[in-house]
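The structure appears below as structure tokens.
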Amino acid sequence: MAAICVFCASSRTLDRRWLDLAAETGAEIARRGHTLVSGGGCVGMMGAVADGARVAGGRTLGIIPQALVDLEVADLASDELLVTESMADRKTLMLDKSDAFLTLPGGLGTLDELFEVWTTATLALHAKPMVLVDTDGFYRPLLDWLGGLADQTFLKPAGLALLTVVDTVPAALDAIEAGLTGPPGLPA
């Protein structure tokens with residue numbers, strides 16, 4: 001099966017609904033027989049997604065920079081925990097170790113990771129499925145803004161179409177599985 005990397009928030013101050021969404025995501029990845037690749041943290045949604053995968057019997061791979069290990073936020077329960085020198089090294093290793101990417105709600109770090117894999121896909125450096133879960137319209141303002149960039153030709157429509165947008169976790173996994181067996185660039 002596939003190694004699916006999940007980008008999401010690591011904040012300790014989130015509403016329970018976001019933690020539940022992350023746990024549901026990890027469990028769904030595990031139920032479908034995939035490996036979870038995460039940022040290797042044990043807090044916030046990042047911790048919840050890994051816990052959800054493990055509770056459902058899934059395998060977890062965490063990738064975390066040494067600076068975060070030093071802050072004692074590493075997911076030491078991971079089946080495999082890879083420690084990198086920097087955040088940039090972490091993103092490179094996440095890209096290398098993953099077959100697909102699923103983005104949940106998050107902040108700057110989540111957006112940084114999403115845009116890194118999306119940009120490298122637009123440059124044809126990979127053709128791995130990328131799915132954004134837009135729960136309750138969380139990403140709608142960003143998606144509208146990105147659509148405006150395409151309208152003004154700052155972003156090619158083909159680049160925009162590389163990201164699949166769905167509103168539920170099962171739909172995200174369906175899209176990833178379809179993208180793993182079909183052509184890259186699922187329509188949004």
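Please read these numbers as outputs of a predicted model, since none were measured by experiment.
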Applying the side chain to side chain contact (heavy atoms under 4.5 Å, CB included) test to Asp99, which of Leu180, Val37, Thr35, Ile176 qualifies?
Leu180
Could you check whether any side-chain heavy atom of [X] comes within less than 4.5 Å of a side-chain heavy atom of [Y], counting everything from C-beta outward?
X: Leu163; Y: Leu114; value: yes
X: Thr110; Y: Leu104; value: no
X: Thr103; Y: Tyr139; value: yes
X: Glu80; Y: Thr60; value: no

Roughly how far apart are [X] [atom1] and [Y] [atom2], rounded to 0.5 Å?
X: Leu93; Y: Ile64; atom1: CG; atom2: CD1; answer: 12.5 Å
X: Met94; Y: Met87; atom1: CE; atom2: CE; answer: 9.0 Å
X: Leu160; Y: Lys156; atom1: CG; atom2: NZ; answer: 13.0 Å
X: Arg17; Y: Thr135; atom1: CZ; atom2: OG1; answer: 8.0 Å
X: Arg90; Y: Leu95; atom1: CZ; atom2: CG; answer: 14.0 Å

Under 3.5 Å, is there a donor-acceptor pair between the Glu177 and His34 side chains?
yes
With no hydrogens and no angle check, do the side chains of Asp89 and Ser86 hold a donor and an acceptor under 3.5 Å apart?
yes
Is a side-chain N or O of [X] found less than 3.5 angstrom from the main chain of [Y], in a donor-acceptor match?
X: Ser38; Y: Gly40; answer: yes
X: Lys128; Y: Phe101; answer: no
X: Thr119; Y: Glu116; answer: no

Could you walk me through whether Leu162 and Met130 pass the side chain to side chain contact (heavy atoms under 4.5 Å, CB included) test, one step at a time?
CA-CA 7 Å; Leu162 290 174; Met130 300 171 296; 3.7 Å; yes
Decide yes or no on salt bridge (Lys or Arg N to Asp or Glu O under 4.0 Å) for Arg32 and Asp174, but give the supporting numbers first.
CA-CA 10 Å; Arg32 293 185 187 215; Asp174 290 346; 2.8 Å; yes
Do other residues, nucleotides or ligands put more than 12 heavy atoms under 6.0 Å from Leu123 CG?
yes
Shared hydrophobic cluster, Val49 / Leu61 (ILVMFWY, side-chain heavy atoms < 4.5 Å)
yes
Going hydrophobic residue to hydrophobic residue with side-chain gaps under 4.5 angstrom, can you get from Leu76 over to Leu82?
no
Do the side chains of Asp167 and Arg140 get close enough for a salt bridge, i.e. N-O under 4.0 angstrom?
no
If you measure from the Lys or Arg side-chain nitrogens to the Asp or Glu carboxylate oxygens, is any gap between Arg54 and Asp75 under 4.0 Å?
yes
Which label fits Phe138 and Trp18: parallel for a plane angle under 30°, tilted from 30 to 60°, or perpendicular past 60°?
perpendicular
